[in-house]
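Take a look at the structure set out below.
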Amino acid sequence: MGCRKRAAKHQLLRVTAVEGVCVPDPRGALPGRGAHLHPDPACLDLAVRRRAFPRAFRLQGVLDTERLRGFIEERAGGSQET
């Protein structure tokens, strides 16, 4: 979504919109329309800059991405330590 590069589904993070907030859905179990992006802060930055989330979810206005950003940064930080 953000970087527009293709990847296998298991390499991407599913994201859904819940009440105007972009929520990470790593298990793919949340209802509703989903979007996929690489679990990488740079990919998230590109998606936000391009306003890709409202288009992907077919919603008007700006969506809050702070919860999603925290989740991605936590995973990115944890993967660098191992």
For this session: List the steps and the verdict of side chain to side chain contact (heavy atoms under 4.5 Å, CB included) for Leu68 and Leu13.
Result: CA-CA 10 Å; Leu68 177 60; Leu13 172 65; 3.9 Å; yes
Problem set entry | Steps toward side chain to side chain contact (heavy atoms under 4.5 Å, CB included) verdict (Phe53, Leu37) | CA-CA 10 Å; Phe53 289 114; Leu37 79 149; 4.2 Å; yes
Exercise. Should Thr16 and Arg33 be marked as a side chain to side chain contact (heavy atoms under 4.5 Å, CB included) after you check the CA-CA gap, both sets of side-chain angles, and the distance that decides it?
Worked result: CA-CA 6 Å; Thr16 60; Arg33 190 168 186 83; over 6 Å; no
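For the side chain to side chain donor-acceptor pair (under 3.5 Å) test, no residue two or more places apart in sequence or in another chain qualifies with Arg4. Legend: residues meeting side chain to side chain donor-acceptor pair (under 3.5 Å) with Asp40, ordered by chain and number and at least two apart, are absent.
The CE atom of Met1 sits 10.0 Å away from the CG atom of Leu44 when rounded to the nearest 0.5 Å.
When atom types are taken as modelled, the side chain of Arg49 and the backbone of Gly2 share no donor-acceptor pair closer than 3.5 angstrom.
Other members of the cluster containing Val23 are Val18, Val21, Leu30, with ILVMFWY side chains joined at under 4.5 Å, either directly or via other members.
Taking each heavy atom of Gly32 and Arg14 in turn, the nearest pair found is O-NH2, 2.8 Å. Nearest heavy atoms, Phe57 versus Ala17: CD1-CB, 3.7 Å. Heavy-atom minimum distance, Pro39 versus Ile72: C-CG2, 3.7 Å. When all heavy atoms of Cys3 and Leu46 are compared, the closest pair comes out as CA-CD1, 3.9 Å. Contact record, His36 with Lys9: NE2-CE, 4.1 Å, taken as the closest heavy-atom pair.
Counting heavy-atom neighbours within 6.0 Å of Glu19 CD, excluding the residue itself, gives a total of 12 or less. For Arg67, the CZ atom sits in a loose shell: 12 or fewer heavy atoms of surrounding residues, nucleotides or ligands are nearer than 6.0 Å.
Looking at Val48 and Arg69, their side chains come closer than 4.5 Å, going by heavy atoms from C-beta outward.
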